[in-house]
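Note sheet for the following structure.
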Amino acid sequence: MVVRVAEGTGANPISDALKAAKVLDIPVIVTEQYPKGLGPTVPELGADGLKKYSKTCFSMLIPEVEEALSTIPDLRSVIMCGIEAQACIMSTTLCLLEKGLDVHVVADACSSRSQVDRLFALSRAKQSGAFLTTSEGAILQLVQDAAHPRFKEVQKIIKEPAPDTGLLAFFAGQNPLCT
């Protein structure tokens, strides 16, 4: 897996989502697209210690992942982030929607080699029934209340704003692809 991690100061949306999932005891499933040829998940994301499922198909719903999902009680929603938005994220989103699950695609935690592919993938995900959100938005929806017993831990994760991901320019002027 090849990932461009945001440079400079500022949070990394995927890393923040993984940290929040750990704090909130939310199951995380990590897949790697052909790691033998593309390389493993970069350590900057903070996925060390998590089981990683190797795959060659674009959807992450390989039999081992389907089995892991089946062990999650009352699974109704899935939060998606990663790369490439137009391939793995899109294919997995469509498969999960087909299974009747709510899919929340974390726009600032999804990337592509080109902004055009990323924009069209996010637009298609939304048109297909997925919910688009941000890393901070998803994390805050998970805790729901500042009175949550782990809110202070989560607040530390989101305290530093995420870097500009280049998406805001697409929404300026009500881009017709994003409505």
Side-chain angles (χ1 to χ4, degrees), residues 1-3 12-35 38 40-42 45-47 49-144 154 157 162 165 167 170-171 177-179:
M1 181 185 302
V2 179
V3 178
N12 179 292
I14 294 176
S15 175
D16 286 355
L18 288 174
K19 288 176 192 171
K22 184 176 183 178
V23 166
L24 299 170
D25 296 319
I26 295 171
V28 174
I29 297 175
V30 179
T31 60
E32 296 179 317
Q33 183 70 23
Y34 188 58
L38 298 175
T41 302
V42 296
L45 296 182
L50 295 174
K51 180 173 176 62
K52 296 169 186 75
Y53 298 90
S54 177
K55 64 185 186 66
T56 56
C57 62
F58 295 130
S59 175
M60 72 180 286
L61 293 185
I62 58 175
E64 298 88 352
V65 169
E66 294 240 33
E67 184 177 326
L69 287 172
S70 73
T71 67
I72 301 171
D74 302 318
L75 179 65
R76 294 185 309 261
S77 296
V78 175
I79 298 172
M80 295 289 303
C81 59
I83 60 171
E84 295 267 329
Q86 76 282 2
C88 300
I89 297 297
M90 189 73 250
S91 293
T92 305
T93 295
L94 293 174
C95 289
L96 291 167
L97 288 168
E98 203 171 273
K99 291 184 172 296
L101 294 168
D102 287 338
V103 180
H104 302 266
V105 178
V106 184
D108 62 333
C110 291
S111 64
S112 295
R113 291 178 298 135
S114 86
Q115 283 286 43
V116 171
D117 283 331
R118 182 177 181 211
L119 176 65
F120 276 88
L122 293 172
S123 178
R124 182 174 179 206
K126 181 180 174 186
Q127 292 167 356
S128 299
F131 301 100
L132 299 184
T133 189
T134 63
S135 54
E136 184 171 328
I139 291 167
L140 291 173
Q141 286 301 301
L142 291 169
V143 294
Q144 289 288 307
V154 169
I157 295 168
T165 60
L167 286 175
F170 291 111
F171 290 92
L177 291 174
C178 301
T179 58

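Below, each value reflects all heavy atoms present in this structure, side chains not excepted, and no hydrogens, waters or symmetry copies.
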Per-pair distances, 0.1 Å, donor-acceptor, side chain in residues 90-98, under 3.5 Å, sequence neighbours excluded:
from : atom 1 : to  : atom 2 : distance (Å)
S91  : OG     : A87 : O      : 3.0
T92  : OG1    : M60 : N      : 2.8
T92  : OG1    : C88 : O      : 2.7
T93  : OG1    : I89 : O      : 2.7

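With K19 contributing its side chain and K22 its backbone, the two residues share no donor-acceptor pair below 3.5 Å. S123 contributes no side-chain N or O that, together with a main-chain N or O of L119, makes up a donor-acceptor pair within less than 3.5 Å. Proximity of a side-chain donor or acceptor of Q33 to a complementary backbone N or O of T56 within less than 3.5 Å is detected. With hydrogens and angles disregarded, no donor-acceptor distance shorter than 3.5 Å links the side chain of T133 to the backbone of H104.
Across all non-hydrogen atoms, the minimal contact from V106 to S135 is CG1-N, 3.2 Å. Counting all heavy atoms, side chain and backbone alike, A109 lies closest to C81 at O-CB, 3.3 Å. Residues K52 and L50 approach most closely at NZ-O, 3.1 Å, considering heavy atoms. Considering every non-hydrogen atom in both L122 and A107, the closest pair reads CD1-CB, 4.0 Å. The two residues S77 and L101 come nearest to each other via the heavy atoms N-CD2, 4.4 Å. Residues S59 and I62 share a closest heavy-atom pair of O-CG2, 4.2 Å.
A side-chain N or O of R118 and one of Q115 form a donor-acceptor pair less than 3.5 Å apart.
Heavy-atom neighbours of E67 CD from other residues, nucleotides or ligands within 6.0 Å: at or below the threshold of 12.
In this structure, CG on L75 lies 6.0 Å from CG on L69, to the nearest 0.5 angstrom. A distance of 9.0 Å separates CG in D16 from CG in D108, rounded to the nearest 0.5 Å. Note that the CZ atom of F120 and the OG atom of S114 stand 10.0 Å from one another [nearest 0.5 Å]. Within the model, atoms CD of E32 and OG of S54 stand 6.5 Å from one another, a figure rounded to the nearest 0.5 Å. Atom CZ of residue R124 and atom CG of residue D117 lie 12.5 Å apart, to the nearest 0.5 angstrom.
Two residues are said to be in side-chain contact when any heavy atoms from C-beta on lie closer than 4.5 Å; I79 and I26 fail this criterion.
Ion pairing between a basic and an acidic side chain is recognised when a charged N comes within 4.0 Å of a carboxylate O; E66 and K99 show such pairing.
The ring-ring contact (aromatic ring centres under 6.0 Å, His included) check on Y53 picks up nothing, with sequence neighbours excluded.
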